**Q** 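Mind having a look at this structure? Questions to follow.
Computed from a prediction, not measured in an experiment: that's the story for all the values here. Throughout, protein chains are lettered first and strands after them, A, B, ... in sequence-line order, and every chain is numbered starting at 1.
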Amino acid sequence: MAIINDEVDAVVVGLGWSGSIMSIELARAGLKVRALERGSDQTSKDFAYPMPADQYGYDVRNKIFAKPKDAAMTVRHTVDDTALPTRKWGSFGPGSNVGGAGLHWTAVLIRPTPTDLKLKTYADETYAPRQLQEDMQLQDFPVTWEEMEPHFDYFEKVCGQSGKAGNVKGEILPGGDPFEGPRSNPMPLPALEDTLNCSMFKEAATKLGYHPFPNPSANASQAWTNPYGQQIAPCNYCGFCSKYPCLNYSKASPQTTILDALKRHPNFSYRTNAEVVRVDLHDDKKTARGVTYYNENGEEVFQPAKIVLLCSFQFQNVRLMLLSGIGTPYDPMTGEGVVGRNYAFLSNGNATLFYKDKNFNPFATAGATGQMFNDISPRPGFEDGVKYGFIGGAKIHSSQATGNPIGTSLPKGTPNWGAGWKKGMKDWYGHSMKVSITTTCMSYRGNYMDLDPTYRDKYGNPLARITFDWKENELKLQQYLRDIVLNITKELQPDSFTESFLKMDSHYDLRPYVSTHNVGGAVMGDDPKTSAINKYLQSWDVHNVFAVGGNAFPQNFQANPTDMIGALSLFSAEKIVGEYIKNPGALVQA
Amino acid sequence: MKSIFASFAALACLTGSAFAQDDQDLIARGAYISRLGDCVACHTAPGGTPYAGGRAIISDLGTIFSTNITPDPRSGIGSYTQAQFSDAVRHGLRADGAHLYPAMPYPSYSKITDEDMHALYAYFMKGVEPAAQASPQTDLGFPFNQRWGMVFWNAVFSSSTSFAPQTAASDAINRGAYLVEGLGHCGSCHTKRGFGMQEKAYDAKSDAFLAGGELNGWPVPSLRAKAATGPGIAGWSEQDIVDYLAEGRNRFAAVGGEMKDVVAHSSSYMSDQDLHAIAAYLKTLTPSAPENAKPASAAAETASRLTAAKNLTLGERVYIDNCGACHFVDGRGGQKIFPTLDGASIVTGKSPVGLITTILAGASTPSTPKGPSVNLMPGFANRLSNEEIAALATFVRGAWTNDADAVSDKQVGEIRTHLEAGSSH
């Protein structure tokens, strides 16, 4: 007999960024909210100075990532392959525990563009019929820039975003991104300090006619008190950022920006080591009655709730919908069904430039330290996409996200083991910089998620299965971007350089780290035939279930996803508070 | 489903419908007055039932246990009439005629108005849950166990006058004076005590009032704030004082020591208007002679020595390795998150106990409605030796414009031993 908890107005599955935002916004509105977090609790005490300054623990052993034994999925390239489970994180690293991936992120906080939100419309207007791959499944986000802008603005204030605005109310400002959508306000704080790689890149990019600007950052450049009353500290450029929890209260995370304020609400509670295994539906399958989870003693618990907010990582949100029978599973053969449809990732690539006589001092850096430009992006006026037959773009940037000594880049010819390798590490630490790309990734009929037929978790439930490979469009884009990066490299005159880009015959490689920007699978849209959730992230099929997070993206834009995830969470929360609780039912009529 | 959510919204409106609205307003006002007086802080044992007493208050005379002030008729004050209640609060007289010890700040509470007493009484009789729980007997040694002797103490030391507003001052300043001198009983800690353990002054007429002192070895800062610049509260604006009391943090400082509980239980619940009144009143008190301080140019000298990081003393090196990440080379930290060390009273106080305790044990801000973040400074007891901490404390006490005495290894060792003894209980 399962344990049955007291009923709540809203149960929040996962206490990372979206779960924290949902929890506080609903708790502020007076709802009885309970969050269920698969992992353990984590507070600032666990990251007190100087404990996180430990590369082996956090960067190599992935101390604050989900453990593969708890969160593995299986991966394959095509429907004809057999998927195998991820036994070690490689190209992405989902978070776990309270705070989720919001603790180990690099904290680049940048908006998508108005074009990114309406990419299908842009493609239809810009490309000739059938010029793009026929299996591409582009879709517009079902929200407008005007709807999202106040929520970007608010979330950026929550995070103490630091950077230089390029477009405030239509006025293009020097030093910012001229291609960004109009902002209602400048960024809350000034940009981080530039490091040597930033100033070199900025100079070269500007000379070549591009429009570089400082990476917009959620590592605060100055002390900041956010709208929830929480403090974020001035970043001290300690060099331990991407993959680390912040030892200095300087990186926006649920802990530094929301959780202390949230915990003050007597109508909010949370349980840790509480792994939700399904959403339980009423007999008519039109509403959920709560969720079932396993507690820290391995006991099954039923949590009754009037609203279920799926706020776990993208994979797990999609998997929970599949395990619970919410929405029709996607079938890549017929193209029908929606849950699992349009899984997308992203690619990266870079040139590493070596200079014997320059000191880049990477030990003094913030996670988001860097300069980037967005000249190469789907936007009115960018013509090379049509010319070369691809859609998409990339942030082209020189960033310095950590000062990790282990794994220092080495020039060609350096031994990769033994005494020669050690000498190389010593000789070359701090003597290289990167020019990198972080690309868009379109969605395709054959890239999707479903439940694995073979591999199961410790509760006997099937793992999520990812079927994903690079498509011609993305590979063409990589070739185009490579030329630009090598051109900038030439301008920067290194002693030598190495390069890493996808080739036209490359396949998705799960091993090297790219970024944890996994999106889609339960995407938002206007049409229940091609989307699992509506613009308010509400399931088309079960109206009191909302799937909040990167799962909602119909395809991946080149901006980092967190700003959009934060804004979407706020947008959805506003609608739930303003309308849904007064009149529960479908918020959009299909 | 619709109806379920509707019932939720209605819930918020239903609270304690057993009393008429007038009664409820009075009780709510009494609850607020109890916050202003911070009754809960002393009358609640750690982790115990609110107002059920039993908290041990260490005094130079011995340990005094606070009493149960819930309306339980046997263990508490349920049988008190309003007149008896008022005598206890304002004059230190128990219903049975015995005298209270002045750990109960009745000399300050004597200023509470009749109207506020009436509301406070209503709250304690009707708004507090009765708790049938006897608090431990206070048993001080002779002669202090002779409570009748308090008659003479009261005659000589206590101020038992009601509050008299200054006609020349604004309403806000008078309100602030009423709160600070009366309910807030700020002088209990911030005014030096005389030879009879009495506070040397109970109102603004004396320069000794709120001029700071020591409590359990910690330096207690002066609250005399009439200045625009200078170290400590003199350099704080009215808003800085308000922020500190509401949030336990402001542009310069974060609350520590005993004051943390005052912010957590009392001042963070005060209305903005009352906090501004308190700040306005403190801004009328002329500071006593400031502590020693070096000229402003000294601050830049320390910052540049730490930046260059050449030929460092042990204290400077320990500072860079352990403190500079947050407090920075200029010792200015970050607004509302990392306290300023340059000119901070806890750093430059005559007694280094507060500073050494904070370095060893760390500190954290209280979570308050307006300052929810629990910002934590880790303790360095496991990371630094007595010698290193003494060098560090000596360095910060003399860094920037600070000009306070050196600290010895022995002082650090004594505090470390004391903290270890405390944490092993």
Side-chain angles (χ1 to χ4, degrees), chain A residues 7-10 24 29-32 43-51 53 220-226 228-238 240 247-250 255-265 267 282 286-287 289 306-307 543-544 576-577 580-585, chain B residues 1-13 243 246-252 254 264 268-269 307 320-330 332-340 361-384:
Chain A
E7 190 184 49
V8 296
D9 294 317
I24 196 164
L31 271 68
K32 180 176 173 184
T43 66
S44 299
K45 203 173 174 177
D46 299 304
F47 318 126
Y49 181 88
M51 289 188 294
S221 63
Q222 295 178 359
W224 176 253
T225 298
N226 79 8
Y228 298 124
Q230 291 209 196
Q231 275 84 35
I232 308 171
C235 176
N236 68 15
Y237 303 84
C238 77
F240 295 93
L247 51 72
N248 211 59
Y249 304 91
S250 308
Q255 275 80 351
T256 53
T257 62
I258 297 173
L259 292 172
D260 285 341
L262 174 59
K263 288 175 192 175
R264 294 192 55 82
H265 287 274
N267 49 332
H282 283 114
K286 287 195 176 358
T287 50
R289 55 191 188 89
K306 294 182 200 120
I307 305 175
H543 69 72
N544 62 343
I576 292 171
V577 168
Y580 185 77
I581 58 172
K582 292 174 197 142
N583 190 12
Chain B
M1 211 163 157
K2 202 169 180 173
S3 61
I4 308 176
F5 281 110
S7 70
F8 170 82
L11 250 183
C13 313
D243 288 349
E247 303 176 32
R249 69 207 76 185
N250 66 14
R251 287 191 295 154
F252 304 102
S268 62
Y269 290 88
T307 305
I320 288 180
D321 288 347
N322 298 280
C323 317
C326 300
H327 298 285
F328 297 105
V329 293
D330 59 7
R332 306 213 68 84
Q335 291 191 7
K336 289 198 173 177
I337 178 138
F338 299 140
T340 296
S364 63
T365 48
S367 180
T368 77
K370 287 189 175 162
S373 293
V374 180
N375 297 328
L376 170 133
M377 164 174 157
F380 289 83
N382 294 328
R383 199 170 144 81
L384 300 176

**Q** How about A:Leu247 and A:Tyr49: do any of their side-chain heavy atoms sit closer than 4.5 Å?
**A** yes

**Q** Does some side-chain heavy atom of A:Ile307 sit less than 4.5 Å from a side-chain heavy atom of A:Asp9?
**A** no

**Q** Please classify the contact of A:Pro234 with chain B as side chain, backbone, both or neither, using a heavy-atom distance under 4.5 Å.
**A** both

**Q** Out of B:Ser364, B:Pro369, B:Cys326, B:Gly371, return the one with the most heavy atom pairs under 4.5 angstrom to chain A.
**A** B:Pro369

**Q** Can you tell which part of A:Tyr237 gets under 4.5 Å to a heavy atom of chain B, answering side chain, backbone, both or neither?
**A** neither

**Q** Taking every heavy-atom pair that is under 4.5 Å apart, which of A:Met51, A:Gln231, A:Gln222 has the most such pairs with chain B?
**A** A:Gln231

**Q** For A:Arg289, what residues pass the side chain to side chain donor-acceptor pair (under 3.5 Å) criterion, not counting sequence neighbours?
**A** none

**Q** Going by the rule side chain to side chain donor-acceptor pair (under 3.5 Å), which residues pair with B:Lys370 if we only count those two or more places apart in sequence or in a different chain?
**A** B:Asp272

**Q** Heavy-atom pairs under 4.5 Å with chain B - which of A:Pro50, A:Ser44, A:Ala48 has more of them than the others?
**A** A:Pro50

**Q** If the threshold is 4.0 Å, N to carboxylate O, is there a salt bridge linking B:Asp243 and B:Arg249?
**A** no

